[in-house]
Undergrad: 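Here it is, the structure, as structure tokens.
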Amino acid sequence: MSDFDFTKPQVPKPASPDGFDFTKPPPPEGSSAPFKAATSKFYNAQVAKKLFQDAGKEEQFAEGQKIFEEAAKGGLFKAPRMYFIAQGEVALSIAGKPLDTPKAGEIVGEMAVISDRPRSATATAKTACLTYSLSASELQAAIGRTPEFALMLMSIMFDRVRFVAARIAARKIGALAAARESPVFDPQQLAQFEAALPRAAIVKYQSGQSVMKEGQAGMYMYIVKSGRIFITKGDKVLEGVSPGGIFGEMALVDQSPRVASATADTYSELLAVDRNSLLEAVKKQPAFAMAMLRSVADRLRHMNTQLG
């Protein structure tokens with residue numbers, strides 16, 4: 001049985017006491033989403049450590065040394081890197097104010113690497129630290145060898161999405177006048193993705209027809225081939241999904257109930273994809289997983305602007 005058997009969740013880690021604390025300063029506009037420790041029940045620190053060791057490089061930081069800085073975005077010769085903390089503790093801060101203290105076994109800096117956006121926080125070695133780091137290209141190569149790791153990263157990010165979605169639903173604000181529209185695949189990439197799938201089904205929905213409902217179990221994720229889908233939680237429109245966009249992947253990745261509902265805004269044709277088919281496609285083309293990870297990062301940024 002694979003170490004990445006998502007039918008056998010790991011023992012959950014206790015959530016960070018800070019998590020998403022919206023009393024703290026918001027991240028710089030256009031930056032990656034704020035830090036939240038890996039609390040997904042599917043996160044396995046030993047599996048993550050091995051992947052970082054095999055695919056990345058070892059880096060050591062002295063106490064007080066900066067690992068990365070807020071608003072920084074890798075230069076011409078220095079691409080941003082994400083870090084697995086093997087030993088020590090890291091202090092995260094925004095605008096000089098403490099945010100959290102990730103410890104050994106946790107990953108930091110992944111949002112900037114995945115989204116290629118400026119850092120949302122500064123990371124400083126609180127104690128002497130041993131880390132293993134990955135660039136975006138190294139991450140993509142690692143995912144090609146172990147596609148399930150992309151699902152592990154997504155499961156961590158989905159915890160953040162759920163938290164923010166619940167905050168949005170609790171706010172006494174009306175639905176958005178215009179929802180975010182952010183395709184994951186352009187027409188050529190969508191055709192390549194569909195060709196890489198060992199199996200998939202085309203499903204069709206009329207305007208106003210429900211595709212999925214909040215709280216339901218989910219066996220498929222969907223890619224919009226034509227039309228448009230609105231994602232809602234309560235009476236709040238979280239986003240619009242246009243051709244090339246994906247939705248429903250959260251339940252597919254971590255076998256959780258649907259966190260939101262989806263309704264066809266216009267007549268729509270969707271590609272329904274099961275989990276095993278997704279993994280096989282990602283193994284053939286790891287760039288697909290990177291595109292999906294970027295989509296989740298973009299979704300988090302968009303949702304955080306609604307809270308702000």
Side-chain angles (χ1 to χ4, degrees), residues 10-28 31-53 55-72 74 80-115 117-136 138-139 142 149 152-164 293 296-297 300-301 304:
Q10 307 298 317
V11 177
K13 294 180 61 178
S16 160
D18 290 322
F20 276 105
D21 185 347
F22 289 96
T23 65
K24 295 177 178 175
S31 67
S32 56
F35 175 82
K36 183 176 184 290
T39 59
S40 167
K41 62 185 177 181
F42 297 108
Y43 179 72
N44 184 315
Q46 291 304 312
V47 171
K49 180 180 180 180
K50 186 176 188 307
L51 184 138
F52 272 74
Q53 283 179 312
K57 70 176 184 179
E58 179 181 313
E59 296 192 53
Q60 298 190 41
F61 298 91
E63 181 180 343
Q65 185 177 354
K66 292 280 179 65
I67 299 174
F68 54 78
E69 289 196 76
E70 184 177 344
R81 303 185 71 82
M82 55 191 286
Y83 300 85
F84 176 87
I85 306 170
Q87 297 175 16
E89 296 184 2
V90 173
L92 288 173
S93 61
I94 290 180
K97 296 183 178 180
L99 177 63
D100 211 330
T101 308
K103 299 174 176 60
E106 297 187 49
I107 296 170
V108 295
E110 77 278 12
M111 294 294 287
V113 171
I114 290 167
S115 64
R117 296 291 187 98
R119 301 284 191 185
S120 60
T122 294
T124 306
K126 186 173 182 179
T127 65
C129 290
L130 170 64
T131 71
Y132 299 97
S133 68
L134 290 173
S135 66
E138 290 166 342
L139 173 62
F149 186 70
M152 183 186 286
L153 280 180
M154 286 183 202
S155 74
I156 295 169
M157 297 165 73
F158 290 157
D159 279 351
R160 306 173 187 180
V161 170
R162 291 187 182 95
F163 184 91
V164 179
L293 285 164
V296 181
L300 272 168
R301 279 194 300 273
N304 274 301

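Count residues from 1 along the sequence.
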Undergrad: In chain order, what residues pass the side-chain hydrogen bond (donor to acceptor under 3.5 Å, both in side chains) check against T122, with sequence neighbours excluded?
TA: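 Checked T122 against side-chain hydrogen bond (donor to acceptor under 3.5 Å, both in side chains); zero matches.
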
Undergrad: Can you tell me how far the CE atom of M82 sits from the CD1 atom of I114, to the nearest 0.5 Å?
TA: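 That separation rounds to 5.5 Å.
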
Undergrad: Closer than 4.0 angstrom, basic N to acidic O: yes or no for E138 and R81?
TA: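 Between R81 and E138 there is a salt bridge, with a charged N closer than 4.0 Å to a carboxylate O.
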
Undergrad: Considering non-hydrogen atoms only, spot the tightest contact between N44 and Q46 and give its length.
TA: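 Looking at all heavy atoms of both residues, the shortest contact is OD1-N, 3.0 Å.
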
Undergrad: If every non-hydrogen atom of A71 is compared with every non-hydrogen atom of P118, which pair is closest and at what distance?
TA: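 That would be O-CB, 3.5 Å.
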
Undergrad: Could you go through residues 83-94 and list every donor-acceptor pair under 3.5 Å that involves a side-chain atom there, pairing it with any protein atom two or more places apart or in another chain?
TA:
none

Undergrad: Provide the closest heavy-atom pair for A48 versus Y43 in the form atom of the first, atom of the second, distance.
TA: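 Smallest heavy-atom distance, with atoms named: CB-OH, 3.8 Å.
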
Undergrad: Apply side-chain contact (heavy atoms from CB on, under 4.5 Å) to residues T131 and F52 and explain how you reach the verdict.
TA: CA-CA 9 Å; T131 71; F52 272 74; over 6 Å; no

Undergrad: Restricting to side-chain hydrogen bond (donor to acceptor under 3.5 Å, both in side chains), what partner residues turn up for Q60, sequence neighbours left out?
TA: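 Expected list: E58.
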
Undergrad: Who passes side-chain contact (heavy atoms from CB on, under 4.5 Å) against V296, sequence neighbours left out?
TA: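 Once residues adjacent in sequence are excluded, the partners of V296 under the side-chain contact (heavy atoms from CB on, under 4.5 Å) criterion are M157, F158, V161, E249.
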
Undergrad: Find the distance between CD1 (I67) and NZ (K126) and round it off to the nearest 0.5 Å.
TA: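 Going from the CD1 atom of I67 to the NZ atom of K126 covers 13.0 Å.
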
Undergrad: Rounded to the nearest 0.5 Å, what separates atom CZ in F61 from atom OG in S133?
TA: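 Rounded to the nearest 0.5 Å, the CZ-OG separation comes to 7.0 Å.
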
Undergrad: Nearest 0.5 Å please: distance from the CD1 atom of I156 over to the CD1 atom of I107.
TA: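 Reported to 0.5 Å precision, the distance equals 5.0 Å.
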
Undergrad: Kindly compute the distance separating CG (L293) from CE (M111), expressed to the nearest 0.5 Å.
TA: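 One gets 9.5 Å once the value is rounded to the nearest 0.5 Å.
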
Undergrad: Please report the shortest heavy-atom distance between V113 and L134, naming the atom on each side.
TA: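 Closest approach of V113 to L134: CG2-O, 4.3 Å.
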
Undergrad: Rounded to the nearest 0.5 Å, how far does OH of Y132 lie from CG of L51?
TA: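 Output value for this atom pair is 13.0 Å.
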
Undergrad: Who passes side-chain hydrogen bond (donor to acceptor under 3.5 Å, both in side chains) against E63, sequence neighbours left out?
TA: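 Not a single residue meets the side-chain hydrogen bond (donor to acceptor under 3.5 Å, both in side chains) criterion with E63.
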
Undergrad: In chain order, what residues pass the side-chain hydrogen bond (donor to acceptor under 3.5 Å, both in side chains) check against T124, with sequence neighbours excluded?
TA: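 Applying side-chain hydrogen bond (donor to acceptor under 3.5 Å, both in side chains) to T124 gives none.
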
